[in-house]
Amino acid sequence: NAGVTQTPKFQVLKTGQSMTLQCAQDMNHNSMYWYRQDPGMGLRLIYYSASEGTTDKGEVPNGYNVSRLNKREFSLRLESAAPSQTSVYFCASSATGAGNTEAFFGQGTRLTVV
Amino acid sequence: AQSVTQPDIHITVSEGASLELRCNYSYGATPYLFWYVQSPGQGLQLLLKYFSGDTLVQGIKGFEAEFKRSQSSFNLRKPSVHWSDAAEYFCAVAPASKLTFGTGTRLQVTL
């Protein structure tokens, strides 16, 4: 029962470095999401993919890019990391839109940019 | 745009006491409403959801929530809190395909 798997779980980057956060789901879900969680701000949507081959910006997309590689995988890329991107990142998936079906979340990636 | 307000940042209750976590939403029509729970270092787990119909919905772990259209509220309740309920709770709204979360309420349970 893997569900939504995120890698890595922890990462420290230097300012200006790039990295890709990986997310895979094994539930045959159409929709996938990337959120960031910061203290006192709840979870904010970065990007989402309603279906394979489509991606759309969320609330806080600046500084990020995404790729919906196939139905299972949805990656988040930081091209030039900044300290403001220090956060916990969550990937989620849902059968259809997260508004009308349950969204399942990964365990998170804790990213620190120094 | 839709929004969610959770006015209580931190709540402390004694084990066995009742609990009510507040959630207010802003949206032009009736949205889909959710409560999620996050234990320390973990992802989010769905407690319950409201789409339509009966305004009192039952969830897992003994939680329930009541949708009140006139107050734009969707408060979470539990009659008797257990120490294992200590966690952070998020209310979320979704008029379409995207979830918008509140800022969360951290629940502390004292023994």
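Since the structure is predicted, the reported quantities are computational estimates derived from the model, not experimental observations. Values reported hereafter were calculated over all heavy atoms of this structure, with side chains retained and with hydrogens, waters and symmetry mates removed. Throughout, protein chains are lettered first and strands after them, A, B, ... in sequence-line order, and every chain is numbered starting at 1.
- Each of Q37(A), R44(A), E59(A), M41(A) has some count of heavy-atom pairs under 4.5 Å with chain B, and the biggest count is that of Q37(A).
- Tracing side-chain contacts under 4.5 Å through hydrophobic residues (I, L, V, M, F, W, Y), one never reaches L13(A) starting from V88(A); they form parts of separate clusters.
- Between T103(B) and G40(A), the closest heavy-atom pair is CG2-O, 3.4 Å.
- Within 6.0 Å of CD1 in I9(B) there are 12 or fewer heavy atoms belonging to other residues, nucleotides or ligands.
- The structure places CG of L99(B) at 12.0 Å from OH of Y48(A), a figure rounded to the nearest 0.5 Å.
- Criterion: ILVMFWY side-chain heavy atoms under 4.5 Å apart, direct or through other members. Under it, V57(B) and Y89(B) are part of a common hydrophobic cluster.
- Options D38(A), V4(A), L45(A), L43(A) differ in how many heavy-atom pairs under 4.5 Å they form with chain B, and the most are formed by L43(A).
- Contacts between L46(B) and chain A at a heavy-atom distance below 4.5 Å involve backbone atoms as well as side-chain atoms.
- Looking at Q45(B), there are no atoms closer than 4.5 Å to chain A (heavy atoms on both sides), in backbone or side chain.
- In the hydrophobic clustering of ILVMFWY residues, with side-chain heavy atoms under 4.5 Å counting as a link, Y33(A) and Y64(A) come out apart.
- With rounding to the nearest 0.5 angstrom, the CZ atom of F90(A) is 4.5 Å from the CD atom of Q38(B).
- Between the OH atom in Y35(A) and the CZ atom in F101(B) there is a gap of 5.0 Å [rounded to 0.5 Å].
- Side-chain heavy atoms closer than 4.5 Å link hydrophobic residues (I, L, V, M, F, W, Y) into clusters, and following such links, possibly through other members, connects L21(B) to F74(B).
- A single hydrophobic cluster is seen to contain both W35(B) and V13(B), as judged by linkage of ILVMFWY side chains at heavy-atom distances under 4.5 Å, directly or through other members.
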